[in-house]
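Structure first, commentary second.
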Amino acid sequence: MKIQRIESFCTADVGFVRVTTDDGASGWGQVSTYHADISALVLHRQVAPWVLGQNALDIDALVDRVCECEHKFPGSHLYRAIGGIDTALWDLRGRLEGKPVCALLGGAPRSLRAYASSMKRDITPEQEADRFVRLRWDFGFDAFKFRVGAEYGHDRDEWPGRTEAIVPAVRRALGDDVALLVDANSCYSPQRAIEVGQLLQAHGVCHFEEPCPYWELEQTRQVREALAIDVTGGEQDNYLPLWRHMIEMRAVDVVQPDVCYLGGIARTLRVARMAQAAGLPCTPHSANLSLVTLFTMHLLGAIPNAGPYLELSIEGPDYYPWQEGLFVESPYAVRNGQVRIPDAPGWGVQIHPDWLARAAYRVSDLA
């Protein structure tokens with residue numbers, strides 16, 4: 001079964017990929033969000049030439065082939081593009097075998113505990129606490145993540161005192177029986193991160209994400225060694241030797257690869273297995289409601305070292321207008337704070353034909 005055609009359907013933010021074989025089988029995947037149109041260009045220029053005509057079912061070998069053939073370009077957009085092929089081929093295989101992807105990976109469809117993930121910093125502590133209370137009441141969430149510091153803030157807060165205000169405000173509003181997680185988005189020096197971490201510990205926060213510039217692994221490890229709270233990270237990283245180093249040096253307590261940034265399911269499984277061998281849980285990053293969260297759901301349904309949560313963005317069209325209208329039926333319905341992995345073949349979702357009709361189209365094939 002050989003890959004015959006690769007099609008992309010793109011906007012600047014989202015890029016879906018359809019792969020079709022020489023016998024007419026097909027599957028859907030996605031290049032990473034954010035500048036998806038650039039990743040789609042890389043897909044056709046630097047990925048398609050190496051996978052067209054190749055065995056559609058040998059996903060690991062295909063991924064490695066592209067990385068080796070494009071060894072001059074070991075950067076983010078190449079992996080974001082490779083992920084479009086990888087994820088489409090997993091869907092194709094699931095459709096051929098009549099199984100959801102999580103079953104192909106050795107798991108089974110089940111419900112996953114989700115944490116409501118806020119992406120906002122331009123929100124007061126009181127407003128954030130209020131919307132968390134509404135989400136708990138309406139959807140049964142019992143875990144929430146919010147932002148502290150400023151994104152790459154060099155120890156500065158979004159505005160003075162916001163972090164010291166939002167941590168106790170959210171805890172007071174939700175009580176002691178919910179899990180609280182925070183994301184610093186590379187804001188702090190080690191000294192300041194430890195100070196903030198002590199504040200978080202005092203209010204029962206269980207997860208401190210990316211406290212220091214993410215590439216400064218020694219700084220992150222310094223914070224991890226100073227605190228009892230879980231220090232987490234890895235969403236930005238796509239180079240497997242760096243992942244190996246990060247895990248071996250114990251820079252973090254929890255690894256957070258992003259399926260789309262890293263290059264798809266096959267490469268993310270390698271990171272999850274490295275973490276498993278080191279006794280570390282894997283709670284992938286999935287910060288928007290394109291296909292990346294669905295990919296993550298299937299992965300969490302299969303890996304033995306899955307963390308306790310699925311990250312589920314709570315941002316709507318005011319923050320991510322491009323999320324609207326992607327699917328015929330959303331796979332992200334929340335009941336009692338949980339979402340369920342679809343049991344239909346492949347990813348178990350249908351991309352909306354109206355969205356596809358509006359997207360920029362490009363094709364690479366053997367013809």
Side-chain angles (χ1 to χ4, degrees), residues 110-121 123 125 127-149 163 166-185 197 200-201 203-211 229-235 252-261 268 272 275 280-301 303 305-316 319-320 323 330-341:
R110 62 180 176 89
S111 293
L112 301 168
R113 182 187 182 192
Y115 69 76
S117 185
S118 169
M119 306 296 148
K120 292 185 175 180
R121 281 187 167 85
I123 186 170
Q127 290 169 332
E128 190 75 287
D130 286 348
R131 75 169 178 160
F132 284 171
V133 169
R134 291 195 301 272
L135 287 166
R136 187 183 187 193
W137 179 262
D138 292 343
F139 298 101
F141 286 108
D142 64 356
F144 299 83
K145 187 171 84 176
F146 55 97
R147 306 288 163 142
V148 295
T163 292
I166 195 170
V167 175
V170 170
R171 177 55 79 195
R172 282 194 305 269
L174 294 174
D176 294 332
D177 58 342
V178 303
L180 296 184
L181 304 82
V182 304
D183 190 346
N185 292 113
L200 301 178
Q201 289 178 170
H203 289 86
V205 176
C206 63
H207 168 119
F208 191 9
E209 186 169 333
E210 212 173 84
I229 188 175
D230 279 344
V231 171
T232 77
E235 71 178 73
V252 295
D253 296 297
V254 179
V255 301
Q256 295 186 277
D258 183 296
V259 174
C260 286
Y261 298 171
T268 306
L280 299 180
C282 179
T283 303
H285 174 259
S286 52
N288 64 73
L289 300 182
S290 66
L291 281 176
V292 64
T293 298
L294 187 58
F295 300 156
T296 302
M297 289 163 61
H298 283 268
L299 185 75
L300 287 173
I303 59 174
N305 59 327
Y309 316 104
L310 166 76
E311 180 174 20
L312 190 72
S313 171
I314 58 174
E315 306 307 345
Y319 193 88
Y320 285 142
Q323 290 182 157
S330 172
Y332 304 128
V334 181
R335 296 180 179 85
N336 298 318
Q338 299 185 332
V339 294
R340 185 164 181 83
I341 303 167

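Note that the structure is predicted; figures quoted are calculated from it, not measured.
- Checked against Gln256 for a side-chain hydrogen bond (donor to acceptor under 3.5 Å, both in side chains), the options Glu311, Glu235, Glu209, Glu210 give a single hit: Glu209.
- No side-chain heavy atom of Ser286 sits less than 4.5 Å from a side-chain heavy atom of Val259.
- In this structure the side chain of Ser313 never reaches within 4.5 angstrom of the side chain of Thr293, judged on heavy atoms.
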side-chain contact (heavy atoms from CB on, under 4.5 Å) between Thr283 and His207, intermediate numbers included: CA-CA 11 Å; Thr283 303; His207 168 119; 5.6 Å; no
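- Here the straight-line distance linking atom CG of Leu312 with atom CZ of Arg113 works out to 13.5 Å at 0.5 Å rounding.
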Worked check of side-chain contact (heavy atoms from CB on, under 4.5 Å) between Ile166 and Glu128: CA-CA 8 Å; Ile166 195 170; Glu128 190 75 287; 4.1 Å; yes
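- In terms of heavy-atom proximity, Leu299 sits nearest to Pro284 at CD2-CG, 3.8 Å.
- In this structure the side chain of Leu135 reaches within 4.5 angstrom of the side chain of Phe144, judged on heavy atoms.
- Rounding to the nearest 0.5 Å gives a distance of 5.0 Å between CD1 of Ile314 and OG of Ser118.
- Residue His203 comes nearest to Pro168 through the heavy atom pair NE2-CB, 3.5 Å, listed as atom of the first residue, atom of the second, then distance.
- Judged by distance alone, the side chains of Asn288 and Ser290 do bring a donor and an acceptor atom under 3.5 Å apart.
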Worked verdict on Val178 versus Phe132 for side-chain contact (heavy atoms from CB on, under 4.5 Å): CA-CA 11 Å; Val178 303; Phe132 284 171; over 6 Å; no
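- Ring orientation note: the planes of Tyr309 and Tyr115 are nearly perpendicular, at an angle over 60° on the 30°/60° scale.
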Test side-chain contact (heavy atoms from CB on, under 4.5 Å) applied to Lys120 and Arg147, step by step: CA-CA 7 Å; Lys120 292 185 175 180; Arg147 306 288 163 142; over 6 Å; no
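- Formation of a donor-acceptor pair under 3.5 Å by the Arg171 side chain with backbone atoms of Gly204 is found in this model.
- At distances below 3.5 Å, not a single donor-acceptor pair connects side-chain atoms of Thr163 with backbone N or O atoms of Val148.
- Tyr332 is listed as a side-chain neighbour of Met297, based on a closest heavy-atom distance under 4.5 Å.
- Interatomic distance, CG of Asp142 versus CG of Asn336, reported as 10.0 Å (0.5 Å rounding).
- Checked by atom type and distance alone, the side chain of Asn305 pairs as donor or acceptor with a backbone atom of Leu280 at under 3.5 Å.
- Under the 4.5 Å side-chain criterion, counting only non-hydrogen atoms from C-beta, Val170 is not in contact with Pro125.
- Listed here is the closest heavy atom pair of Leu300 and Gly307: CD2-N, 4.4 Å.
- Of the possible donor and acceptor atoms, one in the side chain of Gln323 sits under 3.5 Å from a partner among the backbone N and O of Leu289.
- In this structure, Asp253 contributes its side chain and Thr232 its backbone to no donor-acceptor pair below 3.5 Å.
- Counting only distance, with no hydrogens or angles, the side chain of Gln338 and the backbone of Ser111 share no donor-acceptor pair below 3.5 Å.
- For the pair Ala333 and Val339, the tightest heavy-atom approach, listed with the atom from each and the gap, is O-CG1, 3.3 Å.
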